[in-house]
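In what follows, a structure is listed as structure tokens, so that the remarks can point back to it.
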Amino acid sequence: MDKLFYRTPPAEWMEGLPIGNGRLAAMIWGQQEDRLTLNHEWLWTGRNKSRKARQSAEGLPLVREAIRNGEHFAAAALANSFFGGEGGISGLPGRVDDYQPAGELCMELAGEAAFVSRELDIRTGVARVCRKCGDGAVTGEFFADCVGQCLSARWESEAPFSAALSLSREAEEGTRISIAAGEGGIRLDGRISGGIAFSVQAKVFTDGRVRTENQKLFVENARYIQIVVNIATSRGDLERELMAYDLDAVRYEQAKARHAGRFSDIMGRLDFALEEDERLSALPTDERIRRVKEGKIDNGISQLYFDFGRYLLISSSICGELPANLQGKWNDSLTPPWNCDYHFDINLQMNYWMAEPAGMPECARALIRYVRSFLPSGREAAERLYGCRGVYLPIQTDAWGVSTPEAYGWAVWIGAAPWIARHLWDHYRYSGDTEYLKNEAYEFFTAVAEFYEDYLQKDESGVYQILPSQSPENAIPEIGCFPVLIDQSSAMDVQLCCDALTYAIRSAEILGVDAEKAARWKELRDHLPPFAIGADGRLMEWQKEYTEREPGHRHLSHLYGLYPSDLFTPNTRPEQYEAGIRSLQYRLSHGGGHTGWSRAWVSCLAARLGNREEFYQHYTALIRDFATVSLLDLHPPRIFQIDGNLGAVAAGIEAVVSCYDDTAHLLRGIPAEWGTGHLNGVKIPGGHTLSISWEDGRLARLSVVMGFAPEAKLEWEGTAFTVQGKPGETVSVTLPA
């Protein structure tokens, strides 16, 4: 099932069909007309890109004293005054720029037009919309060229048709817009006061007659109308960016074929299939989703949801310089929720959990570039905010690589850099690229480790405490209006510190460098606070047993050690593993997982734990409770947020192949509803590629294409076995009896 297919038009933007190549994106929607809401990855308002962290390290001793004295409200108030920035609950304007749309391209057919169908082929990244008009049908075709990097739209009909074409942008105070139309196309220019400039260029090719009127193009008696759209911003040289992409050089069919070839090559690296009811295949996607919402089983929709998440990440990243933000690269609002920004306390990480195992390292590169762009500002911020060497990353930020706290009430947290470091480490674990490790990742790992060297506080027992610390984004009643408890050595911060120091230690060993530094990092890591378990058997979120303000909180921060990390497994730390399970059950019993992204994390955790039916329940809930008719993930009250879509792919992979303790555990999370199927092309650490089939929940076929590591450790139903071979060799595995 490779297509989203509908016989009804979208009722709103969120029900549209998204196309993108990372640099540019568009949402295709509209009822009587085709509307393309246009986005450029660098079109952020730009008013705040020169901000800096203020000098406030002198406040650190005061905050630490309040925490040691158990003065929770005072600690929160002081910490946010010194390290919280503005915005957030402060009532002051924040300094995170909004990600904004570039405008809207509209094609309106002349005369009466009746909607017929629309579809999105997620294998090729090509969308189509069909309408009856006059004596014939007009079919529109759309793709975001991942080779030529522009947006293409073409409408065709066997019978002549006429249409009006326009570019527009919603009026906004402080933004100047001008639109010019000529026979060759339309250009929209914008300038945000105190911020960025941008241009949209839409070139028109047609066999019809063209005239201009009121900044619109009217095309008459055409059999085809083709538009190629480029967008540029003043982040660089605007006119040079407009000229960098030749809108005339390649014929439409050639451009489409090249684009579809590259796009389908990436999508085709992973092949996921479930046995499904063929009688459902003719139903439109929205009808099948409705059946799922009614409680019916539809493995075809489960498979489509999985593949659609991969489609969205490719479309957000493949040609992009920036990673996927809270909405990927699709946004229709001048003032989007949470600025449509980057959140480093779960959302950005979740977006890229799938990138390496799904065989999309090109997409991960956008994230790695973005993280490294913070190094200069992050070093300055670490010194100015906390008086530390190393690097500090904020909990909330935008495109500019500026490291400043901007969310008063939430922003006092130093765990963003170590958490995102995991993605840089995974890129090495899956590629084995020591040049990358040496020249890109190691600098970031050492910067994180250096920050901990200066930030950790050794107590009278010889334990290194993280002070101040928080557990995003949970709280206790005693802190009043503040949304997050500021305390000492939260469970998540200790887990992150343990992992991040390990990346630095292992990298130094692999590269044969910095032995003295590595010894210091080991000493810090080995004397961190213990992973505490409470009197009720739950993994403690803080070092003390507090009463949580929200027992069913959407964040599962203290369960990082279960997933995505493997600090807590049945083999390494069985007590913490079981305590983590109890914590998850407690959180869910009080209503946890009540946002799309949170439910995706719960799905990943259930798959990691081998809770098959719970995995299916939560994975299906993402479709049943949090999806639009075009399968876009929703955050309450009804806001598109892409992390649930992308996290669901990681959950699906985890159900089939769960990698922890340097071993790939097979089929731990496969529910009865997914009894027969296959997942071919999934990557595991060591660079190996697995192809797996199962029947009635039991392993039926397994082959391994060997990666850079000499062996792959596997496990199925309690039996461990090792596959060995040369790089690139395909090994068909004789399954253990």
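Keep in mind that the numbers below use all heavy atoms, side chains included, and drop hydrogens, waters and symmetry copies.
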Measure the shortest side-chain to side-chain distance between [X] and [Y] over non-hydrogen atoms and say whether it is less than 4.5 angstrom.
X	Y	result
His594	Leu588	no
Arg587	Pro551	no
His343	Leu326	yes
Pro564	Tyr660	no
Asp307	Gln303	yes
Val448	Leu501	no
Val649	Leu646	no
Glu473	Asp345	yes

Quick one: are the ring centres of [X] and [Y] less than 6.0 Å apart?
X	Y	value
Phe263	Tyr311	yes
Phe272	Trp674	yes
Tyr430	Phe708	no

Salt bridge flag under 4.0 Å for residues [X] and [Y]:
X	Y	answer
Asp536	Arg582	no
Glu443	Lys438	no
Glu523	Arg520	yes
Glu362	Arg365	no

Practice item. Run the numbers on Arg612 and Glu673 for salt bridge (Lys or Arg N to Asp or Glu O under 4.0 Å), then give the verdict. Key: CA-CA 10 Å; Arg612 299 166 185 255; Glu673 292 82 357; over 6 Å; no
Is a donor on one side and an acceptor on the other found under 3.5 Å between the side chain of [X] and the backbone of [Y]?
X	Y	value
Asn645	Leu632	no
Arg123	Met267	yes
Arg668	Leu609	yes
His688	Glu711	yes
His678	Ile692	no
Ser489	Ile466	yes
Arg525	Thr502	no
Trp601	Tyr563	yes
Ser471	Asn474	no
Tyr503	Leu424	no

Side chains of [X] and [Y] only: does a donor on one sit below 3.5 Å from an acceptor on the other?
X	Y	value
Ser583	Arg538	no
Ser691	Arg701	no
Tyr577	Asn571	no
Gln470	Ser490	no
Glu356	His427	yes

For residues 615-625, dump all side-chain donor-acceptor pairs below 3.5 Å to protein atoms at least two apart in sequence or in another chain.
from: Tyr619; atom 1: OH; to: Ser302; atom 2: O; distance (Å): 2.8
from: Tyr619; atom 1: OH; to: Phe306; atom 2: N; distance (Å): 3.4
from: Thr620; atom 1: OG1; to: Tyr616; atom 2: O; distance (Å): 2.7

Point to revise | Sole candidate of Leu699, Leu690, Val704 that passes side-chain contact (heavy atoms from CB on, under 4.5 Å) when paired with Val733 | key: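 Testing Val733 for a side-chain contact (heavy atoms from CB on, under 4.5 Å) against Leu699, Leu690, Val704 leaves exactly one candidate, Val704.
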Review point. Of Ile414, Asp493, Val494, which meets side-chain contact (heavy atoms from CB on, under 4.5 Å) against Ser469?
Key: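 Between Ser469 and the candidates, side-chain contact (heavy atoms from CB on, under 4.5 Å) is satisfied uniquely by Asp493.
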Between [atom1] on residue [X] and [atom2] on residue [Y], distance to nearest 0.5 Å:
X	Y	atom1	atom2	value
Met360	Ile314	CE	CD1	5.0 Å
Leu322	Asn325	CG	CG	8.5 Å
Asn299	Asp277	CG	CG	9.5 Å
Thr719	Leu666	OG1	CG	11.0 Å
Lys293	Asp298	NZ	CG	13.0 Å
Cys497	Leu524	SG	CG	7.0 Å

Determine the minimum heavy-atom distance between [X] and [Y], stating which atoms define it.
X	Y	answer
Leu270	Pro357	CD1-O, 4.5 Å
Ser557	Gln495	O-OE1, 4.4 Å
Ala417	Phe444	O-CE2, 3.5 Å
Glu278	Ser281	O-OG, 2.8 Å
Ala712	Ile684	CB-CD1, 4.4 Å
Ile266	Arg310	O-NH1, 4.2 Å

Please indicate whether [X] has more than 12 foreign heavy atoms, meaning atoms of other residues, nucleotides or ligands, lying under 6.0 Å from its [atom1].
X	atom1	answer
Asp662	CG	no
Glu613	CD	yes
Arg573	CZ	yes
Asp696	CG	no

Review point. For Asp643, what residues pass the side chain to side chain donor-acceptor pair (under 3.5 Å) criterion, not counting sequence neighbours?
Key: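 By the side chain to side chain donor-acceptor pair (under 3.5 Å) rule, Asp643 matches Asn347, Gln641.
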Can you classify the ring geometry of [X] versus [Y] as parallel (below 30°), tilted (30 to 60°) or perpendicular (above 60°)?
X	Y	answer
His555	His553	tilted
Phe531	Phe568	perpendicular
Trp419	Tyr560	perpendicular

Point to revise | Test side chain to side chain donor-acceptor pair (under 3.5 Å) applied to Thr595 and Arg554, step by step | key: CA-CA 7 Å; Thr595 68; Arg554 64 198 177 279; 6.0 Å; no
Check your understanding: Yes or no on ring pair (Phe, Tyr, Trp, His ring centres under 6.0 Å) for Tyr442 and Tyr436, after CA distance, side-chain angles and deciding distance?
Key -> CA-CA 8 Å; Tyr442 187 57; Tyr436 153 78; over 10 Å; no
